[in-house]
Amino acid sequence: MTHAVQSGRSSQAERTARVVERARALGFDLCGVAPAADFPELAHLEDWLARGHAGEMQYLHDARRQSPSRVLEGARSIVVCGLNYNTPHPRSTEVPQDFPGGTIPRGWISRYAWGGEYHKVVGDKLDALVEVLRADFPEPFAARAYVDTGPVVERVAARHAGLGWLGKNTSLIHEELGSCFFLGVIVTTLGLAQSLGPAEAPPPDLCGNCRLCIEACPTAAIVEPYVLDARRCIAYLTIELRGAIPEELRAPIGRHVFGCDICQDVCPWNHRAPATAPAEFEPRRHGANSLFAPDLEWLLSLTEGEFREVFRGSPVKRAKWRGMVRNACVALGNSGLLPCAPRYNEICERLSQLGAAEDDVLADHARWALERLGEATRG
């Protein structure tokens, strides 16, 4: 190996170290660099799509997702950053159905959506990192930053950046942080040494024989280890699906109104993960209502205007008002609420109003909820 080649690699390694240092200074918990290469995991993407596992998420069919090199002409590196959102609150598996209001039926919003819009929080940090790198490295380079918004499979890039392994629930798992962290990437033409050395493999799969995530999924969405059928996933059903939720999946959804944490909450690697304190990820409040175990009657009764106001700057707005009300109907139908409970009559009256609505989807789900509550009463 010539001195020039050694010097070049050393220089790129120093650059990567500087990138990681800068990312940490901006508040990221993790940072690594992967090559803008064709990752072997993406060879299975077409088959996964052909099996219909993407459901209605047409954006997953974007051909650029199969290779980072298609995202940016001349791309050489992918900087992957992680930001912990594991706030110190009980997990969904630790919170009883009626917590904390006794007989008041409560829903569940996924932990990542309790606070502000993570796309902006992480995106602003990525943009700041790009600007810092432009000051550090004077030669011109192109860069595109994405937080769940571009044709990049972030978790696969993160694996090849040395940030963890892909668990059986398909989440990226870090040995110290678990899986409750946001990922963002910068695809760039900047020449950087990858975090893993030439002879170094990505972190080993430490799931072992554990099947807790597979066994805990109420809708059996993890159809086999490392394969998720999004059409059965509670996150997909409550967020991405715009029409009617298949009737056979409504009862297994339980109280979930936006996303699901179950497969992460039962994961042993998350039981030892550190909590984070950023105020941006703490549960938001709107008057007396919190996004932590929210009052289902409150969600059911929101007008479209109130929904926009409550969830402005929140990931929850992705579900839209119609989706949230639909989901609240399902959660109330699963609540087991009895006539002796406070606000039972008010909740049934609201469900009856929705059951007569012109919107067929809302009417169907409201009538389903009323029938379920009637079954609970007869039982």
Side-chain angles (χ1 to χ4, degrees), residues 55-56 92 97-98 101 104-110 112-114 117 218-219 231 233-261 283-337 341-376:
E56 296 179 3
S92 64
Q97 180 82 23
D98 58 0
I104 297 174
R106 301 272 171 180
W108 189 264
I109 290 173
S110 186
Y112 80 86
W114 289 349
E117 179 54 89
T219 54
R231 296 169 299 182
C233 179
I234 293 175
Y236 170 82
L237 294 169
T238 57
I239 302 173
E240 302 291 343
L241 184 65
R242 297 305 179 198
I245 296 172
E247 191 161 344
E248 68 274 14
L249 295 177
R250 294 178 192 177
I253 284 175
R255 59 178 167 181
H256 294 87
V257 294
F258 186 91
C260 179
D261 296 321
R284 295 171 69 170
R285 299 194 65 86
H286 190 82
N289 294 290
S290 169
L291 298 197
F292 176 74
D295 182 334
L296 285 173
E297 184 190 9
W298 170 58
L299 295 177
L300 185 74
S301 302
L302 289 173
T303 66
E304 289 191 64
E306 289 169 341
F307 176 85
R308 287 193 296 269
E309 176 62 26
V310 169
F311 295 110
R312 181 179 291 117
S314 163
V316 178
K317 68 180 183 294
R318 183 172 179 81
K320 302 186 183 301
W321 170 79
R322 182 173 181 257
M324 178 56 73
V325 174
R326 176 201 63 184
N327 299 342
C329 287
V330 172
L332 280 164
N334 292 327
S335 68
L337 193 67
R343 303 191 304 196
Y344 176 88
N345 292 331
E346 291 87 342
I347 288 172
C348 288
E349 175 61 26
R350 176 58 180 155
L351 287 171
S352 296
Q353 293 171 359
L354 288 168
E358 293 182 1
D359 187 310
D360 290 340
V361 169
L362 291 184
D364 171 49
H365 289 73
R367 290 194 294 265
W368 180 87
L370 283 168
E371 184 177 345
R372 290 272 292 179
L373 292 179
E375 291 173 358

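Along the sequence shown, residues are numbered consecutively beginning with 1.
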Pairwise distance CZ(Arg231) to CD(Glu56) - rounded to 0.5 angstrom: 11.0 Å
Using the rule side chain to side chain contact (heavy atoms under 4.5 Å, CB included), only one of Leu299, Ile239, Val310, Thr238 pairs with Met324; which is it? Leu299
Is there a donor-acceptor pair under 3.5 Å between the side chain of Tyr112 and the backbone N or O of Asp261? no
Has the side chain of Arg326 got a donor or acceptor atom that lies under 3.5 Å from a matching backbone atom of Gly243? yes
Between Arg255 and Asn334, does any side-chain donor sit less than 3.5 Å from a side-chain acceptor? no
Heavy-atom pair of closest approach, residues Ala113 and Phe258: CB-CE2, 3.6 Å
From Trp298 atom CH2 to Arg343 atom CZ, the distance as rounded to the nearest 0.5 Å: 12.0 Å
So, does Arg250 use its side chain to make a donor-acceptor pair with the main chain of Val330 at under 3.5 Å? no
Quick one: closest heavy-atom pair of Ser314 and Arg284, and the distance? CB-NH1, 3.0 Å
Atom pair CG/CG of Leu354 and Asp364 - distance to nearest 0.5 Å: 12.0 Å
Test your reading of the model: is there a side-chain donor-acceptor pair from Trp321 to the backbone of Leu302, 3.5 Å cut-off? yes
Determine yes or no for a side-chain-to-main-chain donor-acceptor pair under 3.5 angstrom, with Arg285 supplying the side chain and Ala288 the backbone. yes
Between Arg322 and Arg242 (side chain of the first, backbone of the second, donor and acceptor by atom type, cut-off under 3.5 Å), is there such a pair? yes
Minimum side-chain heavy-atom gap Cys329-Leu362 below 4.5 Å: no
Between Glu304 and Lys320, does any NZ, NE, NH1 or NH2 come within less than 4.0 Å of an OD or OE carboxylate oxygen? no
So which heavy atom on Ile253 is nearest to which on Ile245, and how close? CD1-CG2, 3.8 Å
Look at the aromatic rings of Trp108 and Phe292 and report parallel, tilted or perpendicular, splitting at 30° and 60°. perpendicular
To check you understand the geometry: which heavy-atom pair defines the closest contact between Tyr344 and Leu337, and what is its length? CE1-O, 3.6 Å
